[in-house]
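For ligands, and for the atoms within them, numbers begin at 1 and follow the listed sequence.
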Amino acid sequence: MVAESERTFLGLDLSTQQLKAAVVDNNLQIIHEASVMFDSDLPEFRTHGGVLLSKTNPNVITAPTVMWVKALDMLMDKLTVSGVDFSKTAAVSGSAQQHGSVFWQKGSEKILASLDPGQFLHQQLASSFTVNNSPVWMDASTTVQCRQLEEAVGGALKLAEITGSRGYERFTGSQIAKIAQAKPEAYKNSERISLVSSFLCSLFLGKIAPIDISDGSGMNLMDIRTKQWNSQLLEVVGDNLDEKLGSVVPSSTDVGPISSYFVERYSFDPSCRIIACTGDNPSSLVGMRLNEGWLAVSLGTSDTVFLWLKEPKIVPDGHILCNPVDPEAYMAMLCFKNGSLTRERVRDSCAESSWDIFNQLLDSTPRGNFGNMGLYYDVQEILPFLSGDYRFNKAGDRVAKFTSLEVEVRALIEGQFIAKRAYAEDIGFTLGKDTKILATGGASANKAILQVLSDVFNAPVYLQEESKSAMLGAAYQAKHGLLGKHSNYVEVTSCLPPPRLICEPYADAAEIYEPMVERYRKIVSSLIK
Ligand SMILES: Nc1ncnc2c1ncn2[C@@H]1O[C@H](COP(=O)(O)OP(=O)(O)O)[C@@H](O)[C@H]1O
Ligand SMILES: O=C(CO)[C@@H](O)[C@H](O)COP(=O)(O)O
């Protein structure tokens with residue numbers, strides 16, 4: 001076995017658009033990184049932004065399950081070519097886009113346990129899924145099933161009280177219920193059902209991995225207080241669902257040794273441990289070493305806002321999840337579906353597909369955008385439940401177009417952050433003079449965008465040294481999980497530098513944006529009506 005100072009940890013992130021991985025050393029410093037972009041590296045699956053849109057129903061959004069498996073084959077090869085010595089890897093963990101589901105064909109666990117190291121995973125697992133295209137978090141086609149879950153327990157707020165969220169279309173409970181109703185044979189023939197995170201974990205483990213409590217709270221099926229499945233809700237979804245889902249475990253659980261496939265094919269040491277994988281937002285909380293007082297804003301494919309909570313509470317719009325670091329604590333989360341891909345759409349139409357030009361346009365308009373406001377939803381938004389583009393001028397009239405490209409760009413960015421502030425306040429977050437924002441995700445590389453975030457929240461914005469917090473959270477969790485129950489996460493990560501201050505709000509920020517938040521609330525309530 002390798003000396004403690006020489007050991008490394010592997011963390012992966014299977015997000016919407018890509019699979020990425022980092023190998024960190026014993027001091028949690030990145031020594032290797034690699035990624036596979038689904039659209040460009042795996043064009044044979046014909047995804048756009050990592051997903052497939054149904055031709056008949058815009059609310060049905062999926063991703064080919066086997067594409068994720070093939071991406072792992074490619075990623076492992078890229079890491080090998082870049083010189084990773086897997087024999088030093090002491091533990092592996094992962095994160096993944098939340099809520100998506102993988103339906104394992106009967107007999108697939110046996111295949112997972114006896115994989116031939118001479119062949120790729122995707123060749124051997126190609127027919128292991130009863131549903132070839134996994135429903136993903138962008139899907140919004142299960143409103144009927146959401147209402148069924150809510151009714152079963154006495155209403156939306158009751159469901160939120162038990163599971164941390166009212167019925168949300170992308171949550172896995174309603175997604176599984178839809179499969180059970182629309183494709184009963186596929187449901188019946190599913191030996192097990194995984195989340196995307198526990199699916200990734202299963203590939204490394206060589207058997208179906210348990211779901212962790214943090215990602216498990218994004219299903220509308222688990223009681224966030226007892227950390228057990230709610231039997232009443234499982235019954236509504238389908239027969240024998242408890243057997244198909246298996247058990248739930250705390251997020252840093254050591255779930256077993258790495259499978260012999262990885263030992264033989266990539267020379268992992270057989271003593272390498274697999275630590276439960278979790279959702280990308282919980283994993284970001286781990287990677288950002290978030291603690292109380294900070295508000296995290298992730299600007300990835302989706303935009304999310306989250307914070308550490310000591311106690312659970314009921315939120316009508318938003319989610320309470322079990323905490324991935326401290327199983328006794330919780331996290332609050334808001335998710336906005338139209339994040340980076342909508343920013344890319346406006347960048348392409350207004351700024352010649354260049355972030356530099358986009359930023360010049362953004363910086364050439366004043367805070368408050370001359371009273372213009374915009375809401376942009378390429379796909380059915382979660383918060384608020386709207387789709388399409390909405391532009392309003394200073395007089396409050398809805399207009400088809402703004403007068404200039406720079407107004408359009410600022411309207412998009414201001415509108416996105418004003419929404420985040422309004423919903424964060426609605427779930428009880430109080431902005432004060434001590435509020436600090438920690439940003440992460442792909443778009444956190446953009447300082448012009450972060451300045452608007454800082455102004456809208458009237459709070460300073462900080463960044464970690466590394467922006468891929470979900471992937472790093474997985475690598476840190478690998479070490480934390482390996483050290484076991486008695487390891488202290490704060491101590492494990494104490495070798496990492498503190499976040500850096502990136503921007504501070506302008507003096508007039510509160511005066512400009514507080515009225516705009518109120519205006520936004522009025523616009524949304526009239527649009528929803
Ligand atoms: N300089 C930039 N300005 C704004 N957005 C950016 C910039 N660089 C990357 N992005 C956005 O980051 C997104 C990917 O974010 P990332 O966090 O890696 O995604 P995921 O949520 O899939 O993990 C891309 O879709 C891209 O629009
Ligand atoms: O649905 C949610 C959270 O509830 C999304 O945040 C997904 O977890 C997708 O993550 P990204 O790929 O955008 O990071």
Side-chain angles (χ1 to χ4, degrees), residues 12-21 33 35-40 47-51 61 63 68 71 95-101 135-140 164-165 168-172 175 195-197 214-215 217-220 278-285 287 296-306 318-321 331-348 351 353-359 362 378-379 381-383 409 412-413 416 439-453 466-474:
L12 299 99
D13 178 27
L14 204 180
S15 64
T16 314
Q17 302 190 60
Q18 61 198 300
L19 172 65
K20 25 189 186 292
E33 260 188 276
S35 65
V36 174
M37 290 294 298
F38 303 137
D39 293 0
S40 50
T47 57
H48 183 69
V51 299
I61 305 187
W68 294 332
S95 80
Q97 53 173 294
Q98 297 194 252
H99 321 295
S101 39
V136 296
W137 67 278
M138 295 170 96
D139 187 283
S165 303
Y168 278 93
E169 280 76 1
R170 70 191 191 290
F171 274 43
T172 331
Q175 292 290 340
L195 291 180
V196 187
S197 56
S214 207
D215 215 11
S217 355
M219 300 173 78
N220 277 144
T278 191
D280 54 2
N281 293 295
S283 191
S284 272
L285 180 136
V297 176
S298 171
L299 304 171
T301 308
S302 60
D303 283 354
T304 58
V305 173
F306 49 90
H319 318 295
I320 304 297
L321 309 179
M331 64 184 276
M333 183 180 73
L334 300 167
C335 179
F336 303 85
K337 208 187 275 180
N338 295 277
S340 282
L341 298 177
T342 305
R343 287 188 285 274
E344 283 177 23
R345 192 247 299 180
V346 173
R347 177 202 63 185
D348 295 347
S353 303
S354 148
W355 287 123
D356 286 341
I357 299 176
F358 184 94
N359 293 350
L362 185 58
D378 295 4
V379 283
E381 184 49 80
I382 301 160
L383 298 171
V409 166
L412 166 73
I413 301 299
Q416 288 188 328
T440 187
S444 69
N446 188 320
K447 177 133 188 264
I449 290 179
L450 295 187
Q451 184 61 54
V452 182
L453 169 64
E466 297 290 341
S467 69
K468 295 165 191 153
S469 54
M471 172 185 80
L472 288 173

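Taking a cut-off of under 4.0 Å to the non-hydrogen atoms of Gly441, the atoms of ligand 1 that pass are 17 (O). Atoms of ligand 1 found under 4.0 Å from any heavy atom of Thr16 (numbered from 1 in listed order, with element): 22 (O). Close contacts between ligand 1 and Lys20 involve ligand atoms 18 (O), 23 (O) [criterion: under 4.0 Å to a heavy atom]. Those atoms of ligand 1 with a heavy atom of Ser15 less than 4.0 angstrom away are 20 (P), 22 (O), 23 (O).
For Lys468, the closest heavy-atom approach to ligand 1 does not fall below 4.0 Å. Contact between Arg343 and ligand 1 is absent, with no heavy atom of the residue lying under 4.0 Å from the ligand.
Pocket lining of ligand 2, defined as residues with a non-hydrogen atom under 4.0 Å away: Ser15, Thr16, Gln97, Gln98, His99, Trp137, Arg170, Asp280, Asn281, Thr301, Ser302, Thr304, Met333, Cys335.
Taking the side chain as every heavy atom from C-beta outward, Leu299 and Leu450 approach each other to under 4.5 Å. A 4.5 Å side-chain heavy-atom check between His319 and Phe306 finds every atom pair outside the cut-off. The closest side-chain heavy-atom distance from Val297 to Asp303 is not below 4.5 Å. At least one side-chain heavy atom of Phe38 sits under 4.5 Å from a side-chain heavy atom of Leu14.
The protein atom (non-hydrogen) at minimum distance from atom 7 (C) of ligand 1 is Trp355 NE1, 3.5 Å. Nearest to atom 11 (C) of ligand 1 among the protein's heavy atoms is Ser340 OG, 3.7 Å. Closest to atom 21 (O) of ligand 1 among all protein heavy atoms lies Thr301 N, 2.9 Å. With hydrogens left out, the protein atom closest to atom 27 (O) of ligand 1 is Glu344 OE2, 2.5 Å, a heavy atom. Regarding atom 9 (C) of ligand 1, its nearest protein heavy-atom neighbour is Gly442 O, 3.6 Å. The closest protein non-hydrogen atom to atom 18 (O) of ligand 1 is Gln18 NE2, 3.1 Å.
Remark: the Thr301 side chain and the Gln17 side chain contain an N/O donor-acceptor pair separated by less than 3.5 Å. Thr342 and Arg345 share no side-chain donor-acceptor pair at under 3.5 Å. A side-chain donor from one of Ser95 and Asp13 sits under 3.5 Å from a side-chain acceptor of the other. Counted by atom type alone, Ser15 and Asp280 present zero donor-acceptor pairs between their side chains at under 3.5 Å. No hydrogens or angles considered: nothing links the side chains of Thr278 and Asp215 as a donor-acceptor pair under 3.5 Å.
Taking the six-membered ring for Trp and thresholds of 30 and 60 degrees, Phe358 and Trp355 have ring planes more than 60 degrees apart, a perpendicular arrangement.
Under the side-chain contact (heavy atoms from CB on, under 4.5 Å) test applied with Leu195, the options Gln98, His99, Met219 reduce to a single match, Met219.
The residue among Leu19, Asp13, Asn446 with a heavy atom at the shortest distance from atom 3 (N) of ligand 1 is Asn446.
Judged purely by atom type and a 3.5 angstrom limit, Gln97 has no side-chain atom pairing as donor or acceptor with the backbone of Gly279.
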